[in-house]
Every structure is written in structure tokens, then in C-alpha cells.
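First the structure, in the form of C-alpha cells, and then the observations on it.
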Amino acid sequence: MSIDPSFFHLQNITDTCAVWNVLSSQTLYDRAKTAGVRFICTYFVIYECLHKPRKRNVVCDEVLRLRLQDAQKNDFKSYPLDITDLQTIEILENRKRLGKGELSSIAFALKTRQAFLTDDQKARNLAKQVLQDKMSQTTPHLVGWLFFHSHLTDSDKSIVIREHTDMERPLARYFEDMYLEACRCRLMAMQGANKSE
């Protein structure tokens, strides 16, 4: 696995799908906040999450919208873009067909030199091209980091996955994979520490 669960940038410009995936599990979100992880959004992302008309309205969507509105009191601060940011979005738009939420998040991450949190593969690939090395992160990466550093414990794994799937989110398999990777990396780190003593 190419993701290193021992390291994670704490300040994150978060796109729409990552907002939903982080908030899908109250346990995951609470532990991330306690560990010092901060989430920032652009106005485009807030619009997509809270105001953009949906093709279908399901209970999970409403629950996630309410969670975001509540989280905005202390986290998920949103910021506008200026003309330069919008020009950056136009340049990025010509390279990949992505939504405004993803593009605005990449542009804002580029401008502020902060990490970009996404679970969209195309957005991640573009971010890897335009952002500094390792400044593109995912929610499963966050899960792995929280397990590696014991902010989440083994008994939390099934809770996080159940909460996530109850909100009809698609990353349970990746959460499981990152949990296993975090355990493997933590064991290797402990073995390395024992050898050096």
C-alpha cells in the first residue's frame, strides 16, 4: 500500500465527498477533531453540500446536512475565492472534467499551501499533479493515521465502519484496508524500535 498511515497533514481543504465521508461516522469525526485535524471548505463546497438541489432526497443526505451545519460552528470553516482563484479553476478545468467543489478546493489548497482532502480519484490525480508532494489525502488515509497513532482503537473499527455504511457511504472496504495497514506499520515501527535498543 502506498499510503503512509504514520503521517497526515492536520489542516485540510476538504471537497464535497470528503466532507460527507468524514461526517458519515460521528466516531471518526470526533476522534479526528480530538487529534487536532481541521477541515476547511470553499463556498462552492458548502453550496454543493447544503444548497445544491439533489436528484433524490434520502434520509442520510438530510442527516449529513444537519451534521455539517452543526460542525460549521467550530469546524468546516468556509472561505470565498477571489478572481485569481477562479482563474486557477478555469486552468484546472481545462485539464480534467471535475466539479466546481473539487476544483475550488484544489485551487484553494494550492493558494494556501495546505493539504487537499478528497475521496474522488480524478480529483486526487489532478491534485497530485499541481500540489506539492503528499499534499493530497483521503478519508481512508485519515482513518489509518488515527489508528496508527491510537486515536482510534481496535474496538472503534466496527463502529466507524457501521456508522459509515449506515449513512450509505462507499468507503468501508478502504477503511478496513487502512486499519490493517496501520496495524502492520505500527508493528513494524515497534519491531524497529526493539532492534535499536
Side-chain angles (χ1 to χ4, degrees), residues 3-52 54 58-79 101-102 104-105 108-109 112 114-120 123-124 127 135-183 186:
I3 296 174
D4 177 6
S6 70
F7 180 78
F8 188 82
H9 292 281
L10 298 182
Q11 284 282 102
N12 289 271
I13 310 300
T14 312
D15 74 2
T16 307
C17 60
V19 169
W20 292 148
N21 289 328
V22 167
L23 292 175
S24 68
S25 166
Q26 194 63 52
T27 304
L28 168 62
Y29 177 56
D30 289 344
R31 293 305 192 320
K33 280 194 318 183
T34 302
V37 179
R38 296 291 168 255
F39 305 99
I40 300 163
C41 300
T42 65
Y43 283 179
F44 278 112
V45 169
I46 294 300
Y47 166 77
E48 286 183 349
C49 289
L50 297 180
H51 307 293
K52 185 176 179 181
R54 303 259 192 290
V58 294
V59 174
C60 296
D61 288 345
E62 188 56 36
V63 170
L64 290 171
R65 281 195 294 266
L66 290 171
R67 285 184 186 176
L68 176 57
Q69 288 171 337
D70 187 53
Q72 283 184 292
K73 295 171 187 166
N74 299 306
D75 211 352
F76 289 97
K77 299 295 182 196
S78 55
Y79 293 90
E102 288 91 357
S104 68
S105 297
F108 198 64
T112 59
Q114 294 182 76
F116 169 54
L117 185 67
T118 185
D119 296 314
D120 181 286
R124 191 168 173 221
M135 294 299 278
S136 177
Q137 305 184 129
T138 65
T139 306
H141 183 184
L142 169 62
V143 168
W145 179 79
L146 291 168
F147 277 115
F148 183 87
H149 291 285
S150 301
H151 298 293
L152 284 169
T153 63
D154 294 342
S155 62
D156 293 324
K157 179 179 66 107
S158 59
I159 296 168
V160 168
I161 290 174
R162 187 190 75 245
E163 290 173 343
H164 182 74
T165 55
D166 284 352
M167 288 293 111
E168 299 180 7
R169 302 306 301 163
L171 300 180
R173 176 175 67 114
Y174 302 105
F175 287 2
E176 180 75 36
D177 290 347
M178 282 308 300
Y179 164 76
L180 295 172
E181 179 66 4
C183 291
R186 193 168 52 202

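A heavy-atom distance below 4.5 Å is not found between the side chains of Glu181 and Ile3. Within the 4.5 Å cutoff, side-chain heavy atoms of Met167 are placed close to those of Arg67. Counting only heavy atoms from C-beta outward, the side chains of Ile161 and Tyr179 never approach each other to under 4.5 Å. With a 4.5 Å cut-off on side-chain heavy atoms, Val19 and Phe39 do not count as touching.
Considering CD of Gln26 and CG of Asp166, their distance stands at 13.0 Å, rounded to 0.5 Å. For the atom pair CD1 of Ile46 and SG of Cys41, the computed distance is 4.0 Å after rounding to the nearest 0.5 Å. For the atom pair CG of Leu66 and CG of Leu50, the computed distance is 9.5 Å after rounding to the nearest 0.5 Å. Summarising the geometry, atom OG belonging to Ser136 is positioned 12.5 Å from atom CD1 belonging to Ile13; distances are rounded to the nearest 0.5 Å. Atoms NE2 and CZ, from His151 and Arg31 in turn, are 10.5 Å apart once rounded to the nearest 0.5 Å. Annotation: the span from Tyr43 atom OH to Phe108 atom CZ amounts to 9.5 Å, rounded to 0.5 Å.
The pair Asp70-Lys73 meets the salt-bridge criterion, with a side-chain N (NZ, NE, NH1 or NH2) lying under 4.0 Å from an Asp/Glu carboxylate O. Under a 4.0 Å N-O distance rule, the pair Lys33/Asp75 does not qualify as a salt bridge. Of the charged side-chain nitrogens involved, at least one lies within less than 4.0 Å of a carboxylate oxygen, so that Arg65 and Glu62 count as a salt-bridged pair.
Here Ser104 pairs with Thr42 under the side chain to side chain donor-acceptor pair (under 3.5 Å) rule; sequence neighbours left out. Residues satisfying the ring-ring contact (aromatic ring centres under 6.0 Å, His included) test with Trp20, not counting sequence neighbours, are none. In this view, Thr138 satisfies the side chain to side chain donor-acceptor pair (under 3.5 Å) rule with no residue, not counting sequence neighbours. Listed by chain and number, the residues in a side chain to side chain donor-acceptor pair (under 3.5 Å) with Arg169 are Asn21 (sequence neighbours excluded). Checked against side chain to side chain donor-acceptor pair (under 3.5 Å), Thr34 has no partners two or more places apart in sequence or in another chain.
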What do the steps show when you test Glu163 against Leu28 for side-chain contact (heavy atoms from CB on, under 4.5 Å), and what is the final call? CA-CA 9 Å; Glu163 290 173 343; Leu28 168 62; 5.8 Å; no
Could you walk me through whether Cys49 and Val45 pass the side-chain contact (heavy atoms from CB on, under 4.5 Å) test, one step at a time? CA-CA 6 Å; Cys49 289; Val45 169; 4.1 Å; yes
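Side-chain atoms of Asp30 and Thr27 include no donor-acceptor pair closer than 3.5 Å. For Ser25 and His164, the side-chain atoms include no donor-acceptor pair closer than 3.5 Å.
Nearest heavy atom pair, residue Phe148 against residue Pro5, reads CB-O, 3.5 Å. Taking each heavy atom of Ala172 and Thr165 in turn, the nearest pair found is CB-CG2, 3.6 Å. Residue Leu23 comes nearest to Phe76 through the heavy atom pair CD2-CE1, 3.8 Å, listed as atom of the first residue, atom of the second, then distance.
In this structure, Arg162 contributes its side chain and Val160 its backbone to no donor-acceptor pair below 3.5 Å. Between the side chain of Gln137 and the backbone N or O of His9 there is at least one donor-acceptor pair closer than 3.5 Å. With Glu48 contributing its side chain and Gly101 its backbone, the two residues share a donor-acceptor pair below 3.5 Å. A distance-only check finds no donor-acceptor pair linking the side chain of Arg124 to the backbone of Thr118 [under 3.5 Å]. A donor-acceptor distance shorter than 3.5 angstrom exists from the side chain of Asn12 to the backbone of Leu10, with no hydrogens or angles considered.
When the shell of 6.0 Å around NZ of Lys52 is examined, it contains 12 or fewer heavy atoms from other residues, nucleotides or ligands.
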Show which side-chain atoms of residues 139-147 pair as donor or acceptor with protein atoms under 3.5 Å away, not counting sequence neighbours.
unit_1: Thr139; atom_1: OG1; unit_2: Asp119; atom_2: OD1; d: 3.4
unit_1: Thr139; atom_1: OG1; unit_2: Asp119; atom_2: OD2; d: 2.6
unit_1: His141; atom_1: NE2; unit_2: Asp4; atom_2: O; d: 3.1
unit_1: His141; atom_1: NE2; unit_2: Phe7; atom_2: O; d: 2.7
unit_1: Trp145; atom_1: NE1; unit_2: His149; atom_2: NE2; d: 3.3

